[in-house]
Amino acid sequence: MELCSFLTLDSFITDPLTHDFMRKALFMSSLVAAVCGFLSSYLTLKGWALMGDAVSHSVMPGVVVAYALGLPFSLGAFIFGVGSVALIGFIKQKSRVKEDTVIGLVFTGFFALGIVLVSKIKSNIDLHSILFGSPLGISLSDVNQTIFISLLVVILLSIFRKDLMLYCFDPRHAKTVGINVFFLHYLLLTCLSLAAVVGLQSVGIILVVAMLITPGATAYLLTDKFDNMTIISVLSAIISSLIGIYISFWFDLETGGSIVLVQTFIFLFAFLFAPRYGIFKLKKLFAGYK
Amino acid sequence: MEKINYQNFRIDAENICVDYNGKVALYDANLRLKPGQICGLVGMNGAGKTTFFNALTGFVNISKGKIRINGESVRSAQKDQTIAYVPQNEGIDSQFPISVWDVVMMGRYGSMNIFRCPRESDVQAVKDAIERVDLTDHLSTPIGNLSGGQRKRTFLARAIAQRASILLLDEPFSGVDIRTEKLISELFIQFKNEGKTILLSTHDMIHVREFCDLVLLINKTVVAYGETSEVFTPENITTTFGGISPDFLFGPES
């Protein structure tokens with residue numbers, strides 16, 4: 001791209017939109033970001049960051065096998081995602097090994113299996129695009145599948161929004177008043193697996209966990225209201241994706257990495273300047289103007 | 001001999017055992033409580049107090065024995081919102097982004113529709129409950145900004161809003177201010193008059209003497225159970241606390 005063309009902000013934004021693949025990438029990444037951002041509030045509050053990392057890595061062999069068999073990749077991802085959590089639970093219960101060790105052990109095992117399968121199974125799977133994402137090259141069937149999964153996750157989270165909040169906050173109370181905690185646990189896990197599989201198209205399997213925890217962590221620093229946290233989380237995820245894609249377009253950088261870096265910068269900004277919980281507490285600085 | 005009518009018991013736990021992956025946390029425990037009774041649950045850390053609560057709420061499954069709540073199963077007690085659990089302050093995430101109003105509203109979730117949309121009656125129940133614990137000025141305060149006592153009152157309000165007939169309270173007096181302690185003890189008297197049944201765990205021996213009609217001393221199983229005046233003896237307390245002398249427990253600090 002000609003360097004002079006983004007000297008004006010207008011062309012910086014509009015030029016990429018003339019490309020069909022960029023419009024698609026921006027749309028899909030925003031959708032994926034919204035889904036991951038929504039879920040992110042729950043994962044950060046539940047303390048499931050490591051679980052998110054585990055599930056997102058564990059879906060790898062599922063995606064590969066599904067591609068090889070011609071099945072929807074979401075199905076494979078779902079089976080391996082939930083399977084990994086079941087395995088983690090089983091090993092933890094039946095052995096004396098500590099939980100974080102078991103989590104690390106299981107997801108790296110699954111991930112390694114995925115890498116080995118990619119190298120063995122003859123197919124047109126591009127290891128690079130799975131590992132690092134390829135929002136600029138999403139095929140049409142993936143688009144439909146991604147939209148379907150995204151809507152499904154958003155609808156599920158919307159319906160059970162309050163129950164999931166209660167489950168994260170006080171599962172014992174939920175159980176005491178007859179709310180099905182077992183169902184909510186697996187609902188959250190299911191949404192996590194599905195979000196991981198849509199997220200990996202955007203930023204790749206290695207960085208998808210950032211999509212699942214960074215927006216929530218950013219929002220957590222900015223508000224004391226759960227609903228606001230969800231909104232901020234979703235917005236910061238979408239904005240990061242849009243900015244990240246633009247940056248990667250103009251400076252020819254890896255897209256997934258760019259998106260996650262923008263998210264990280266937004267988090268750092270909140271970490272430093274959040275009104276109440278930031279290091280510099282902007283509220284205090286402006287207190288004199290009230 | 002008087003014929004026992006099981007319907008009369010709010011809580012009827014018979015020979016219950018709980019184990020976590022083969023490790024026994026509680027065995028052969030019995031407890032019978034009637035409406036309007038306040039029972040203290042006393043034992044060391046790890047003696048099975050929380051496990052006992054968890055068994056009654058159905059949060060853990062019992063491996064042996066039987067629990068009847070108002071003559072019915074724990075499952076149907078959950079459906080009927082019969083039991084409210086008030087956690088100890090350490091048991092909750094105080095940094096969770098949620099307000100006093102939201103927490104108390106959670107007491108109504110079990111009787112709402114699937115979207116948990118509050119009806120007029122739910123809003124009223126929450127308002128009344130918050131008023132009873134004297135937190136009306138803090139409706140939208142995030143729980144992270146509350147004092148320990150205010151937080152405890154928030155969870156009590158949740159139990160009130162739930163309109164439960166059985167209250168399980170885990171260390172209700174730990175880490176609270178004098179004002180909250182006074183308010184809680186006043187509420188206990190009101191609850192008793194309303195016919196609610198209360199089971200509370202405590203480390204404070206004075207509170208047991210003050211509030212509890214009955215006391216249940218446990219150390220993995222029931223050491224002693226009965227009227228506080230009869231059962232709460234130095235000998236029984238010593239046994240419960242694994243041989244530590246009650247002089248030590250009743251020292252100047254308590």
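Bear in mind that the values here come from a model prediction, so they are computed numbers and not experimental data. Both backbone and side-chain heavy atoms feed into the values below; hydrogens, waters and symmetry mates do not. Order of the sequence lines sets the chain letters (A, B, ...), proteins ahead of strands, with each chain counted from 1.
- Residues B:Pro97 and A:Leu45 have side chains in contact (heavy-atom distance under 4.5 Å, counting atoms from C-beta outward).
- Surrounding CD1 of A:Ile279 are more than 12 heavy atoms belonging to other residues, nucleotides or ligands, all under 6.0 Å away.
- Contacts from residues 166-177 of chain A to chain B, taken as heavy-atom pairs separated by less than 4.5 Å, involve A:Leu166, A:Cys168, A:Phe169, A:Asp170, A:Pro171, A:Arg172, A:His173, A:Lys175, A:Thr176, A:Val177 in sequence order.
- Among residues 117-128 of chain B, the residues having any heavy atom closer than 4.5 Å to a heavy atom of chain A are, in sequence order, B:Pro118.
- Contacts with chain A (heavy atom to heavy atom, under 4.5 Å) involve these residues of residues 160-177 of chain B, listed by number: B:Gln162.
- Highest contact tally toward chain A, considering only B:Asp80, B:Ile83, B:Val86, is held by B:Ile83 [criterion: heavy-atom pairs under 4.5 Å].
- Around the OH atom of B:Tyr20, the shell of radius 6.0 Å holds more than 12 heavy atoms that belong to other residues, nucleotides or ligands.
- Within residues 153-164 of chain A, the residues having any heavy atom closer than 4.5 Å to a heavy atom of chain B are A:Ile159, A:Phe160, A:Lys162, A:Asp163, listed by residue number.
- Side chains of A:Met229 and B:Phe96 form no contact here, defined as non-hydrogen atoms less than 4.5 Å apart.
- The shortest side-chain heavy-atom distance between B:Asp102 and A:Phe226 does not fall under the 4.5 Å cut-off.
- For B:Asn145, the part lying under 4.5 angstrom from a heavy atom of chain A is the side chain only.
- Proximity to chain A (any heavy atom under 4.5 Å) is shown, for B:Val74, by neither the backbone nor the side chain.
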